[in-house]
Asker: 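Let me begin by handing over the structure; questions about it come next.
Worth knowing before you read on, the calculation uses all heavy atoms, side chains too, and leaves out hydrogens, waters and symmetry mates.
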Amino acid sequence: MTVNYKDTAVSKIRNFLWQEIMDNNLLDQHDYLADGIKELLVPIIPAQQVPEFNNLISGKPYIVYDFDIVGYGEEFWICEENILFSIFSTSYQKVVELTNFMIDLFRRMDETAKDVNGNMLSSDIFKFFYFTINAASSPTPIKEEGGNFMGQVDITYRYSRHLDSNKRYL
């Protein structure tokens, strides 16, 4: 069996967050259809994609994420990571709204993990244990990003990934 190293815990969290944002009518997915692209874009992107996203969808709110691995301890099958979400919008109120929503969504520790696990396919190889909010910041003006405001939500989460008999990723 070939391991898919592109499948990450971060991608599961991104998919969960986007679904929750749409379900709660905070952003309209149809606002993210770019000229010349047939599929709707997801406005939750890695930091490296900001220039392209700004060129494709101008003036719409979006969320940029960056993550790092905190480490593995004696329980090598459990990983702890941090994800930093930066919310960009020309509207101060939209940044506040999305920040408060994300705090409410991710502050519930094991209840949030239960929701993320329930959002995944039964064939997914990840299991989340908890989420916690490390910090959040109020919107500040950002000159480099076209007059946008930016707020941030910093989250820590723990998860495991299914392993084979050699304790390697499936």
Asker: Write down the atom of D104, the atom of R107, and the distance for their closest heavy-atom approach.
Answerer: OD1-NH2, 2.8 Å

Asker: Which pairs, with at least one residue in residues 161-170 and sequence neighbours excluded, count as a salt bridge (Lys or Arg N to Asp or Glu O under 4.0 Å)?
Answerer: none

Asker: I want to check something: taking the side chain as every heavy atom from C-beta on, are W18 and M22 in contact at a cut-off of under 4.5 Å?
Answerer: yes

Asker: Sequence neighbours excluded, which residues qualify as ring pair (Phe, Tyr, Trp, His ring centres under 6.0 Å) partners of Y92?
Answerer: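 Checked Y92 against ring pair (Phe, Tyr, Trp, His ring centres under 6.0 Å); matches are F149.
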
Asker: What I'd like to find out is whether the side chain of F126 reaches to under 4.5 Å of the side chain of V116, using heavy atoms alone.
Answerer: no

Asker: Could you state the interatomic distance from CD1 (I125) to CG (N4), rounded to the nearest 0.5 Å?
Answerer: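 Taking CD1 in I125 and CG in N4, the distance rounds to 7.0 Å.
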
Asker: Evaluate the side-chain proximity of F76 to L163: yes if any heavy-atom separation is below 4.5 Å, no if none is.
Answerer: yes

Asker: Check step by step if side chain to side chain contact (heavy atoms under 4.5 Å, CB included) holds for I21 and I63.
Answerer: CA-CA 11 Å; I21 286 172; I63 300 169; 3.8 Å; yes

Asker: Tell me, please, which residues at least two apart from F106 pass ring pair (Phe, Tyr, Trp, His ring centres under 6.0 Å).
Answerer: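 Scan of F106 (ring pair (Phe, Tyr, Trp, His ring centres under 6.0 Å), adjacent residues dropped) gives F131.
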
Asker: Say you draw a straight line from CZ of F67 to CG of N82; how long is it, rounded to the nearest 0.5 Å?
Answerer: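 Between F67 CZ and N82 CG, I get 11.0 Å after rounding to 0.5 Å.
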
Asker: With side chain to side chain contact (heavy atoms under 4.5 Å, CB included) as the criterion, how do F85 and L17 come out once you've worked through the C-alpha distance, each side chain's angles and the decisive distance to 0.1 Å?
Answerer: CA-CA 11 Å; F85 289 110; L17 176 58; 3.8 Å; yes

Asker: CD/E20 to CG/N119 distance, rounded to the nearest 0.5 angstrom?
Answerer: 7.0 Å

Asker: Could you tell me which residues satisfy salt bridge (Lys or Arg N to Asp or Glu O under 4.0 Å) with D66, sequence neighbours excluded, listed by chain and number?
Answerer: none

Asker: Taking F101 as the fixed residue, which of V96, L26, V153 is the one that meets the side-chain contact (heavy atoms from CB on, under 4.5 Å) rule?
Answerer: L26

Asker: For the residue pair I83 and V10, what are the closest heavy atoms and their distance?
Answerer: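 Here I83 and V10 meet closest at CD1-CG1, 4.0 Å.
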
Asker: Atom OH of Y65 and atom OG of S86: how far apart are they, to the nearest 0.5 Å?
Answerer: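 Nearest 0.5 Å value for the OH-OG distance: 12.5 Å.
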
Asker: What's the shortest heavy-atom distance between P43 and L27, and which atoms?
Answerer: CG-CD1, 4.3 Å

Asker: Between L121 and F16, is there shared hydrophobic-cluster membership here, with clusters defined by ILVMFWY side-chain heavy atoms closer than 4.5 Å?
Answerer: no

Asker: Grouping I, L, V, M, F, W and Y whenever their side-chain heavy atoms are under 4.5 Å apart, do L56 and L33 come out in a common cluster?
Answerer: no

Asker: If you take all heavy atoms of A136 and I103, which pair is closest and at what distance?
Answerer: CB-CD1, 3.6 Å

Asker: Do T112 and Y157 have side chains that get closer than 4.5 Å, going by heavy atoms?
Answerer: no

Asker: Go through K12 and F128 one step at a time and tell me if the side chain to side chain contact (heavy atoms under 4.5 Å, CB included) criterion holds.
Answerer: CA-CA 10 Å; K12 305 307 177 192; F128 290 89; 4.0 Å; yes

Asker: Transitively linked via ILVMFWY side-chain contacts under 4.5 Å: I45 with I37?
Answerer: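 As far as the 4.5 Å side-chain criterion goes, I37 and I45 are connected within one cluster.
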
Asker: If Ile, Leu, Val, Met, Phe, Trp and Tyr residues are connected whenever their side-chain heavy atoms lie under 4.5 Å apart, and connections chain through other members, are L84 and V70 in the same group?
Answerer: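 No, no single cluster joins them.
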
Asker: Listing request: all side-chain hydrogen bond (donor to acceptor under 3.5 Å, both in side chains) pairs with a residue in residues 26-45, at least two apart in sequence or in separate chains.
Answerer: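 Non-adjacent pairs meeting side-chain hydrogen bond (donor to acceptor under 3.5 Å, both in side chains): zero.
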
Asker: Which pair of non-hydrogen atoms, one from M150 and one from V95, has the smallest distance, and what is that distance?
Answerer: C-CG1, 4.0 Å

Asker: Rounded to the nearest 0.5 Å, how far does CD of Q49 lie from CD1 of I44?
Answerer: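 CD of Q49 is found 12.0 Å from CD1 of I44.
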
Asker: Can you find a heavy atom in the side chain of D7 that is under 4.5 Å from one in the side chain of Y169?
Answerer: no

Asker: What's the shortest heavy-atom distance between T99 and S137, and which atoms?
Answerer: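 Nearest pair, atom of T99 first, then S137: CG2-O, 4.3 Å.
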
Asker: Are any of the side-chain heavy atoms of F129 and E80 separated by less than 4.5 Å?
Answerer: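 No - every pair of side-chain heavy atoms lies 4.5 Å or more apart.
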
Asker: According to a 4.5 Å side-chain heavy-atom criterion applied to Ile, Leu, Val, Met, Phe, Trp and Tyr, with indirect links allowed, do I87 and I133 form part of one hydrophobic cluster?
Answerer: yes

Asker: From L98 CG over to Q93 CD, what is the distance, rounded to the nearest 0.5 angstrom?
Answerer: 11.0 Å

Asker: Test of understanding: with salt bridge (Lys or Arg N to Asp or Glu O under 4.0 Å), list the residues that count as partners of E81, not counting sequence neighbours.
Answerer: none

